[in-house]
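Numbers for residues simply follow the sequence, beginning at 1.
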Amino acid sequence: MKDFISKHGVRIYAVLAALVPALVILWPTIPWEALVAATAGLLGAGVAAATHEDTKTIRALYDESPFRAEVRSAIGE
């Protein structure tokens, strides 16, 4: 489950963010305080998801390319 959330965290966040306006349509009497709390929670989750994606990108930039050995052998290094 942790791997699934790690791989698809931003997609899960997008689904949850899309559901907040649907709550207003489904339950028009929902208190605005609950919507503000849900929105604040989603903003926090969005920051966490973005930070996680940035970490994965930075790690990938420091990894050696799998094609580098192939290129080195092709040019005779």
Side-chain angles (χ1 to χ4, degrees):
M1 182 71 169
K2 185 177 179 181
D3 290 337
F4 179 81
I5 291 173
S6 178
K7 289 180 183 176
H8 304 291
V10 175
R11 289 185 180 120
I12 294 168
Y13 167 75
V15 169
L16 292 175
L19 287 176
V20 170
L23 290 175
V24 176
I25 294 169
L26 293 173
W27 295 289
T29 58
I30 194 167
W32 68 269
E33 294 91 352
L35 289 175
V36 170
T39 304
L42 282 172
L43 286 174
V47 170
T51 304
H52 181 70
E53 290 297 318
D54 290 345
T55 302
K56 290 192 321 188
T57 302
I58 289 170
R59 285 182 185 160
L61 288 173
Y62 283 106
D63 284 346
E64 187 169 331
S65 171
F67 302 109
R68 189 169 194 133
E70 183 179 327
V71 170
R72 285 184 178 167
S73 66
I75 62 173
E77 275 189 20

Requested in this report: Would you give the length of the straight line joining atom CG of Leu19 to atom CG of Leu42, rounded to the nearest 0.5 angstrom?
Outcome: 9.0 Å
Report summary line: By side chain to side chain contact (heavy atoms under 4.5 Å, CB included), Trp32 pairs with (sequence neighbours left out) Val36
Query raised in the report: Side-chain heavy atoms under 4.5 angstrom apart, residues restricted to Ile, Leu, Val, Met, Phe, Trp, Tyr: same cluster for Leu35 and Ile25?
Result: no
**Report entry** Contact summary for Ala18 and Pro21, nearest pair of heavy atoms
**Finding:** O-CD, 3.3 Å
Report task. Give, for atom CG of Leu61 and atom NZ of Lys56, the distance between the pair rounded to the nearest 0.5 Å. Result -> 13.5 Å
Query raised in the report: How is the hydrophobic cluster of Leu43 composed, in terms of its other members, when Ile, Leu, Val, Met, Phe, Trp and Tyr link through side-chain heavy atoms under 4.5 Å apart, directly or indirectly?
Result: none
Query raised in the report: Of all residues at least two apart in sequence or in a different chain, which pass the ring-ring contact (aromatic ring centres under 6.0 Å, His included) check with Phe4?
Result: His8
Query raised in the report: Can Val20 be reached from Tyr13 by stepping across I, L, V, M, F, W or Y side chains whose heavy atoms are under 4.5 Å apart?
Result: yes
